[in-house]
**Q** 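First the structure, then my questions, so here it is.
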Amino acid sequence: MAYNHYILVCSGTACESNKGVELFAQLNAEAEKHGVKDQVQVVKTGCFGFCERGPIVKVLPEDSFYVDVKPEDAKEIIAEQIVKGREVKRLLYNEGEEKKQAFLVEDIPFYQKQYRVVLRNCGVIDPESIDEYIAREGYQGLEKVLFEWTQEQLIEEMKISGLRGRGGAGFPTWLKWDLARKAAGDQKYVICNADEGDPGAYMDRSTIEGDPHSVIEGMITAGKAIGSNMGFVYIRAEYPLAIERLKIALTQAREYGLLGDNILGSGFCFDIEIRLGAGAFVCGEETALIKSVEGNRGMPVPKPPFPANKGLWQKPTIINNVETFANVPVITARGGAWLAKIGTEKSKGTKVFALTGKVKNSGLIEVPMGATLRDIVFDIGGGIKDGKKFKGVQTGGPSGGILTDKSLDVPIDFESLTANGSMMGSGGMIVMDEDDCVVDVSRFYMEFCVEESCGKCSPCRIGTTQILKQLEKIAEGRGTDEDLAKLEEIGNAMTRASLCMLGCTAANPVMSTLKNFHEEYEEHIHEKKCRSGKCKKLINFTIDAPKCIGCSLCAKKCPVNCIVAEDPAKYPDKKKPPYIIIQADCIKCGECQAVCKFNAVLKG
């Protein structure tokens with residue numbers, strides 16, 4: 001059935017949790033109420049990417065792009081746009097003080113430097129409709145793979161594309177597949193790693209939520225390439241929406257003859273099962289992931305042998321992440337040379353990032369390899385919030401480093417990021433401003449690594465704990481210059497001796513901040529000062545007696561009752577005596593400063 005209008009409602013996890021479900025229901029209810037249900041179709045889509053301004057609603061064919069939409073706005077959208085043909089201008093995206101309205105998505109700065117390959121269908125199609133996926137080149141490449149190309153031709157096309165694994169290591173996808181194809185074995189396996197667990201990362205989850213069939217098609221293609229008839233998607237149990245849409249997509253693919261025995265009459269058989277992970281970060285490492293799929297505790301094992309030769313149940317196995325598989329259908333449909341035109345000489349295609357932190361426009365973005373951090377932070381991201389000064393950006397999650405303004409014009413690719421002391425990782429990107437403390441940030445990531453270390457090898461188990469202890473000493477004002485030397489010594493040892501990449505890269509945030517922000521560590525040690533005010537043991541709140549009017553609001557808000565009035569006799573000229581903070585009892589919560597209306601509470 002054809003409709004006059006289509007209302008696309010972002011239904012990714014972030015928007016659904018922000019009353020997106022109620023918005024979708026209300027739009028349908030209002031369409032029914034105004035008698036236009038036969039003229040308009042309301043569609044749930046995946047993530048539009050512009051998470052900072054969600055929930056997002058897009059109306060076609062006008063291409064109206066509405067931001068920060070609430071369920072109560074549904075009435076106006078239906079009554080004005082659908083019934084009267086007038087856009088709801090107050091909901092359109094605006095930029096800057098002039099409130100200039102952007103009527104088309106391509107006019108919005110957030111999207112102008114993006115190039116969507118992996119996210120090509122997210123925010124465009126209903127992820128629960130296989131027909132909509134097929135209408136946008138879906139499964140077209142698979143037809144070539146099943147009926148026209150040999151395994152060698154398929155792998156050659158992957159080689160031409162230059163696609164490298166997007167899980168972090170950047171290993172050439174074609175080479176991994178070719179090694180598994182050539183490996184001896186009566187049974188081979190394909191595994192999709194959807195276990196992303198980096199703080200602030202949600203690229204793979206959102207891709208599955210918005211376009212699950214692209215991952216399924218990519219896995220079927222990989223199965224044909226290596227001679228496998230079985231695949232597994234290893235996904236975190238805490239991603240319920242992604243899991244539900246993946247299940248729906250798998251059922252649809254089987255119903256259409258795209259999964260199972262004798263796919264499309266080609267004689268090729270391939271099926272996919274879901275395996276739920278319990279949320280262990282170490283299971284992002286391929287050998288630990290394999291152990292978990294087998295039903296064992298997820299712990300890494302030494303390599304070689306590599307999974308391409310001996311993987312799941314000791315059979316040849318390839319493991320790629322969600323983003324890697326989502327690239328494959330485009331390569332098979334349009335040819336490897338098409339993707340190879342995008343990106344840099346050694347890093348082809350695009351990269352998806354979860355842009356978060358102190359940036360104005362946080363969200364899910366996709367840029368060509370070779371784009372710069374400046375492009376992402378200041379053009380796509382809109383710069384730093386509240387006019388603050390840019391301090392750094394963490395790429396690669398807990399395994400990456402913090403890059404400074406000196407690296408803003410470095411092209412983003414695998415080699416460049418590594419050369420500058422960080423890494424691509426799976427795609428987490430956290431922006432920091434002048435109010436962030438590098439010691440505190442390093443401590444946060446090390447706490448994460450201590451918690452997530454499987455404990456199998458001593459360099460990681462002991463090293464992460466010892467580094468955390470050193471950072472805690474420095475943050476509390478008890479650090480020494482010897483502690484800085486120990487941080488580097490332990491970090492270098494972990495990099496050389498740890499069993500898996502969790503341990504080998506766990507010290508990266510510390511090592512990069514020691515290099516780029518050494519003076520801040522020295523301030524904590526020698527001056528007992530945290531310039532950002534994040535290290536509580538180095539903060540003192542005091543009350544400026546001349547400014548204090550004795551209103552007692554700070555004392556009332558103090559959770560530990562450590563603020564008391566001074567002796568009135570000392571201040572005969574004041575109607576009420578000023579207050580004082582008992583430093584020994586103060587927990588440095590900052591409530592007193594937050595509630596003072598006269599700027600009488602000082603932090604130093």
**Q** Is the shortest side-chain heavy-atom distance between S347 and R164 below 4.5 Å?
**A** yes
**Q** Where does the angle between the aromatic ring planes of Y6 and Y3 fall among parallel (under 30°), tilted (30 to 60°) and perpendicular (over 60°)?
**A** perpendicular
**Q** Please evaluate residues C10 and E16 with respect to the criterion side chain to side chain contact (heavy atoms under 4.5 Å, CB included), reporting the C-alpha separation (whole Å), side-chain torsions for both, the decisive distance (0.1 Å), and the verdict.
**A** CA-CA 8 Å; C10 178; E16 286 217 339; over 6 Å; no
**Q** Could you tell me whether D131 atom CG has more than 12 heavy atoms of other residues or ligands within 6.0 Å of it?
**A** yes
**Q** Is the shortest heavy-atom distance from the side chain of W174 to the side chain of L163 under 4.5 Å?
**A**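 A side-chain contact under 4.5 Å is absent here.
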**Q** Could you tell me whether the side chains of S64 and Q81 share a donor-acceptor contact shorter than 3.5 Å?
**A** yes
**Q** Regarding S416 and D413, is there a side-chain donor-to-acceptor distance under 3.5 Å anywhere?
**A** yes
**Q** Identify the two heavy atoms, one from A280 and one from D195, that lie closest to each other, and give their separation to 0.1 Å.
**A** O-OD2, 3.2 Å
**Q** Check the pair E294, S292 against side chain to side chain donor-acceptor pair (under 3.5 Å), reporting the backbone distance first and the verdict last.
**A** CA-CA 5 Å; E294 291 174 342; S292 184; over 6 Å; no
**Q** Kindly write out the residues that satisfy side-chain hydrogen bond (donor to acceptor under 3.5 Å, both in side chains) with S11, not counting sequence neighbours, or none if the list is empty.
**A** none
**Q** Just distance, no hydrogens or angles: give the donor-acceptor pairs under 3.5 Å from side chains in residues 299-310, sequence neighbours left out.
**A**
residue: K303; atom: NZ; partner: E286; partner atom: OE2; Å: 3.1

**Q** Identify whether the distance between the nearest side-chain nitrogen and carboxylate oxygen of K315 and D186 falls below 4.0 Å.
**A**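 Salt bridge: yes.
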**Q** Just wondering, more than 12 heavy atoms not from E143 lying within 6.0 Å of its CD?
**A** no
**Q** Taking side chain as C-beta onward, heavy atoms only, is I319 less than 4.5 Å from I290?
**A** yes
**Q** Can you confirm whether more than 12 heavy atoms, excluding those of R297, are under 6.0 Å from its CZ atom?
**A**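 For R297, atom CZ is not crowded (no more than 12 foreign heavy atoms under 6.0 Å).
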**Q** Please test Y256 against Y139 for ring pair (Phe, Tyr, Trp, His ring centres under 6.0 Å), starting from the C-alpha separation and ending with a verdict.
**A** CA-CA 11 Å; Y256 275 55; Y139 293 110; 8.6 Å; no
**Q** Is the NZ or CZ atom of K44 positioned over F24's six-membered ring, under 6.0 angstrom from the centre and within 45° of the axis?
**A**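 The answer is yes; both the distance and angle limits are met.
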**Q** Is E345 atom CD crowded by more than 12 heavy atoms from other residues, nucleotides or ligands, each under 6.0 Å away?
**A** no
**Q** Are Y234 and C192 close enough, and set up right, to give a side chain to side chain contact (heavy atoms under 4.5 Å, CB included), and what steps lead you there?
**A** CA-CA 6 Å; Y234 186 83; C192 174; over 6 Å; no
**Q** Do you know the tightest heavy-atom contact between A180 and I318?
**A**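 A180 and I318 have their closest heavy atoms at CB-CG2, 3.4 Å.
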**Q** Should V117 and E366 count as side-chain neighbours, where that means a heavy-atom distance under 4.5 Å?
**A**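 Sidechains of E366 and V117: in contact.
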**Q** Given the rule in the side chain to side chain donor-acceptor pair (under 3.5 Å) test, do D204 and T207 qualify, once you have shown the distances and angles that lead to the verdict?
**A** CA-CA 5 Å; D204 290 349; T207 301; 5.1 Å; no
**Q** Can a donor-acceptor pair be found between the side chains of H5 and Q41 at a distance below 3.5 Å?
**A** no
**Q** May I ask you to test the V40-N4 pair for a side-chain heavy-atom distance under 4.5 Å?
**A** no
**Q** Under a 4.5 Å cut-off applied to non-hydrogen side-chain atoms, are K159 and L175 in contact?
**A** no
**Q** Any side-chain donor paired with an acceptor under 3.5 Å for N321 and R166?
**A**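 Side chains of N321 and R166: no pair found under 3.5 Å.
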**Q** Could you check whether any side-chain heavy atom of T372 comes within less than 4.5 Å of a side-chain heavy atom of I376, counting everything from C-beta outward?
**A** no
**Q** Do the rings of Y93 and F50 sit parallel, tilted or perpendicular, given the 30° and 60° boundaries?
**A** tilted
**Q** Between F147 and L264, is any pair of side-chain heavy atoms under 4.5 Å apart?
**A** yes
**Q** Step through the shown structure and confirm whether more than 12 heavy atoms of other residues, nucleotides or ligands are within 6.0 Å of NZ on K19.
**A**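 Count not over threshold, so no.
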**Q** Give a yes-or-no answer on whether the side chains of E128 and Y133 include a donor-acceptor pair shorter than 3.5 Å.
**A**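 Their side chains do not contain a donor-acceptor pair, so the 3.5 Å distance test is not met.
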**Q** Under 3.5 Å, sequence neighbours excluded: what are the donor-acceptor pairs made by side chains of residues 221-228?
**A**
residue: T221; atom: OG1; partner: E217; partner atom: O; Å: 2.8
residue: K224; atom: NZ; partner: V145; partner atom: O; Å: 3.0
residue: S228; atom: OG; partner: K188; partner atom: O; Å: 2.7
residue: S228; atom: OG; partner: M230; partner atom: N; Å: 3.2
residue: S228; atom: OG; partner: M230; partner atom: O; Å: 3.1

